[in-house]
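A short write-up of the structure that comes next.
Scope of the values below: all heavy atoms of this structure, side chains included, with no hydrogens, waters or symmetry mates. The first residue in the sequence is number 1, and the count goes up from there. Since we're looking at a predicted model, the values are computed, not measured.
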Amino acid sequence: ENAYDNSGVPDQGFRLIALYRYWNAIHYFFPYRDLTDNPWQDVLDKFIPQVINCKSELEYEKTIARLVAEINDTHGFLIEMGFNQLEALKGAYYAPFKVDFIEGKLVVTAYYEDELKEISKLKVGDIITHINSKTIETIVEEKRPLYAASNDAALLRDVSKDILRSPEKKIKITFRSNDVEEAFELPLYAKDDLDMKWYNYDGDKSYKVLNNNIGYITFETIAEVEIPKLKETLRNTRGIILDIRNYPFTPVFRTLGPYFISESTEYSKFSKPN
């Protein structure tokens, strides 16, 4: 069927087509349809009036985001292109540091740019408790319906990427540093002005030699450029641990695979529905 690539808010008919297409894709092809929090049949009934009654582009985009989140699967998400109002609401300006939820607290974990540390005032390890006078817990609950997450850990990880975004160039935050609470107007920066790699902030390599001459490789931060040096460093180790308890940063199976296997070996099969 046609893509119907219309900007703005499509009319009610096209909105229903969007709902039906998504609902059917999940109904017929999603392997975990029966494990969602809400029965999938109920989702259709719930969203028909919501989709019909959208009064603005932002309201429509939020409705679709909530629809996608109903699958409770982190692989459900909206691409930025086509959801301009939702992106504008999140904002084009970012904090100069990375934050993560650690034991339920929003913690500064790394700076994108070292020269911004003094301006930004917060240190790695500081805990942010409020943003624009709202508690972090309140903000998470407000954002929860818009994120398709398999579990709370995935939800908090994804929320952490957006929680300090803003359409404004400053946000007011309250944070704790060494058990002292302080308020501060945090300056934000355009994305292009920050080196926002989400991995390897402390400069650690993805490989090292452990005690007893055992090699170690983590796929979380591995990069293609490391492969030649990695091979040379680990060549004479007694064995190598491949740590895949993560989401690989780079798909290096083809480049790293021949290091361990001497002949062509089938390692995956792909199928698609007819």
Exercise. Give a yes or no on this: more than 12 heavy atoms of other residues, nucleotides or ligands lie within 6.0 Å of atom CG of L242.
Key: yes
Quiz prompt | Heavy-atom pair of closest approach, residues K143 and I163 | solution = CE-CA, 4.3 Å
Practice problem: Enumerate the residue pairs fulfilling salt bridge (Lys or Arg N to Asp or Glu O under 4.0 Å) with a member in residues 232-250, sequence neighbours excluded, ordered by first and then second residue. | Solution: E232-R235, D243-R245
Quiz item: Side chain of D73, backbone of H75: donor and acceptor closer than 3.5 Å?
Solution: yes
Quiz item: Considering only heavy atoms from C-beta outward, does the side chain of T237 approach that of I214 to under 4.5 Å?
Solution: no
Exercise. Could you list all the side-chain hydrogen bond (donor to acceptor under 3.5 Å, both in side chains) pairs where at least one residue sits in residues 250-264, not counting sequence neighbours?
Key: E224-T255
Quiz item: Do other residues, nucleotides or ligands put more than 12 heavy atoms under 6.0 Å from Y267 OH?
Solution: yes
Self-check item: Single-linkage hydrophobic cluster, 4.5 Å side-chain cutoff, I261 and L234 together
Solution: yes
Quiz item: How would you list, by chain and number, every residue that makes a salt bridge (Lys or Arg N to Asp or Glu O under 4.0 Å) with K121, sequence neighbours excluded?
Solution: E182
Exercise. Evaluate the side-chain proximity of L122 to F184: yes if any heavy-atom separation is below 4.5 Å, no if none is.
Key: yes
Quiz item: Honestly curious: do Y216 and I222 fall in one hydrophobic cluster under the side-chain, below-4.5 Å linking rule?
Solution: no
Self-check item: Cluster overlap Y207 with V209, hydrophobic side-chain contacts below 4.5 Å
Solution: yes
Quiz prompt | Whether over 12 other heavy atoms sit under 6.0 Å from K231 NZ | solution = yes
Exercise. Report the relative orientation of the aromatic rings in W23 and H27; use parallel for angles under 30°, tilted for 30 to 60°, perpendicular for over 60°.
Key: parallel
Quiz item: When you look at Y20 and L44, which way does the side chain to side chain contact (heavy atoms under 4.5 Å, CB included) test go after all the steps?
Solution: CA-CA 8 Å; Y20 295 161; L44 184 63; 4.0 Å; yes
Self-check item: Smallest separation among heavy atoms of V99 and V108, with atom names
Solution: CG1-CA, 4.1 Å
Practice problem: Under the salt bridge (Lys or Arg N to Asp or Glu O under 4.0 Å) rule, collect the residues that match up with K208, sequence neighbours excluded. | Solution: none
Practice problem: Output all residues satisfying side-chain hydrogen bond (donor to acceptor under 3.5 Å, both in side chains) with T74, sequence neighbours left out; order by chain, then residue number. | Solution: S150
Quiz item: When hydrophobic residues are tied together by side-chain contacts of less than 4.5 Å, even through go-betweens, does I26 share a cluster with Y32?
Solution: yes
Exercise. Could you please spell out the steps behind the side chain to side chain contact (heavy atoms under 4.5 Å, CB included) verdict for Q41 and D45?
Key: CA-CA 7 Å; Q41 180 63 48; D45 296 340; 4.0 Å; yes
Quiz item: Judged by atom type as modelled, is there a donor-acceptor pair below 3.5 Å linking the side chain of D11 to the main-chain atoms of G13?
Solution: yes
Quiz item: Do N72 and L35 come close enough that some side-chain heavy atom pair is under 4.5 Å?
Solution: no
Exercise. Could you verify whether a donor N or O on one side chain and an acceptor N or O on the other, from D126 and S177, lie under 3.5 Å apart?
Key: yes
Quiz item: Please, which pairs that meet salt bridge (Lys or Arg N to Asp or Glu O under 4.0 Å) have at least one residue in residues 105-119, sequence neighbours excluded?
Solution: D114-K117
Exercise. List the atom of K98, the atom of D100, and the distance in Å for their closest heavy-atom pair.
Key: NZ-OD2, 2.6 Å
Practice problem: Using modelled atom types only, decide if a donor and an acceptor are shared between the side chain of T129 and the backbone of T174 within a distance under 3.5 Å. | Solution: yes
Quiz prompt | Shared-cluster residues of V107, by chain and number - hydrophobic side chains joined below 4.5 Å | solution = I102, I127
Quiz item: Say you draw a straight line from NZ of K123 to OH of Y111; how long is it, rounded to the nearest 0.5 Å?
Solution: 9.0 Å
Exercise. Answer yes or no: is there a side-chain heavy-atom contact under 4.5 Å between T221 and F249?
Key: no
Practice problem: Starting at CZ of F253, measure out to CZ of F260 and round the result to the nearest 0.5 Å. | Solution: 12.5 Å
Quiz item: Which atoms form the tightest heavy-atom contact between Y93 and A190, and what is the distance?
Solution: CD2-N, 3.7 Å
Please tabulate, one pair per line, all N/O donor-acceptor pairs under 3.5 Å involving side-chain atoms of residues 63-70, not counting sequence neighbours.
residue : atom : partner : partner atom : Å
T63     : OG1  : E59     : O            : 2.8
T63     : OG1  : R66     : NH2          : 3.3
R66     : NH2  : Q50     : OE1          : 3.3
E70     : OE1  : N38     : ND2          : 3.0
E70     : OE2  : K46     : NZ           : 2.7

Quiz item: Do side-chain atoms of N213 reach the backbone of N236 as a donor and acceptor pair under 3.5 angstrom?
Solution: yes
Practice problem: With sequence neighbours left out, write down each residue that passes side-chain hydrogen bond (donor to acceptor under 3.5 Å, both in side chains) with T135, or none if nothing qualifies. | Solution: T138
Quiz item: Say you draw a straight line from CG of L146 to CG of D162; how long is it, rounded to the nearest 0.5 Å?
Solution: 10.0 Å
Practice problem: Using salt bridge (Lys or Arg N to Asp or Glu O under 4.0 Å) as the criterion, list what pairs up with D152, not counting sequence neighbours. | Solution: R144
Quiz item: Would you call I71 and W40 a side-chain contact if the rule is heavy atoms closer than 4.5 Å?
Solution: yes
Exercise. Indicate yes or no for a side-chain donor-acceptor contact from Q85 to the backbone of E57 under 3.5 Å, with no hydrogens or angles considered.
Key: no
Quiz item: Ignoring hydrogens and geometry, is there a side-chain-to-backbone donor-acceptor pair from E61 to L86 under 3.5 Å?
Solution: yes
Quiz prompt | Nearest heavy atoms of A148 and G76, plus distance in Å | solution = CB-O, 3.1 Å
Quiz item: Applying the 4.5 Å side-chain criterion to the ILVMFWY set and letting contacts propagate, would I244 and I227 be lumped into a single cluster?
Solution: yes
Quiz item: Atom CG of L256 and atom CG of L230: how far apart are they, to the nearest 0.5 Å?
Solution: 6.0 Å
Quiz item: How about L106 and F101: do any of their side-chain heavy atoms sit closer than 4.5 Å?
Solution: yes
Quiz item: Is it true that a side-chain atom of T218 and a backbone atom of E220 form a donor plus acceptor pair closer than 3.5 Å?
Solution: yes
Quiz item: Does any non-hydrogen side-chain atom of Y94 lie less than 4.5 Å from one of D193?
Solution: no
Quiz item: Rounded to the nearest 0.5 Å, how far does CD1 of I131 lie from CD1 of I136?
Solution: 3.5 Å
Self-check item: Residue pairs involving residues 16-39 (criterion salt bridge (Lys or Arg N to Asp or Glu O under 4.0 Å); sequence neighbours excluded)
Solution: E1-R21
Exercise. State whether the side chain of S160 and the backbone N or O of R157 hold a donor-acceptor pair below 3.5 Å, judged by distance alone.
Key: yes
Quiz item: If you measure from CG on L89 to CZ on R165, what distance do you get to the nearest 0.5 Å?
Solution: 9.5 Å
Practice problem: List for me each residue that meets salt bridge (Lys or Arg N to Asp or Glu O under 4.0 Å) alongside K62, sequence neighbours excluded, and say none if there are none. | Solution: none
Quiz item: What's the shortest heavy-atom distance between A95 and L194, and which atoms?
Solution: O-CD1, 3.5 Å
Practice problem: Examine distances only and state if a side-chain atom of K55 and a backbone atom of N53 form a donor-acceptor pair shorter than 3.5 Å. | Solution: yes
Exercise. Begin with the C-alpha distance, continue with both residues' side-chain angles, and end with the deciding distance and a verdict on side chain to side chain contact (heavy atoms under 4.5 Å, CB included) for Y22 and V43.
Key: CA-CA 11 Å; Y22 184 78; V43 169; over 6 Å; no
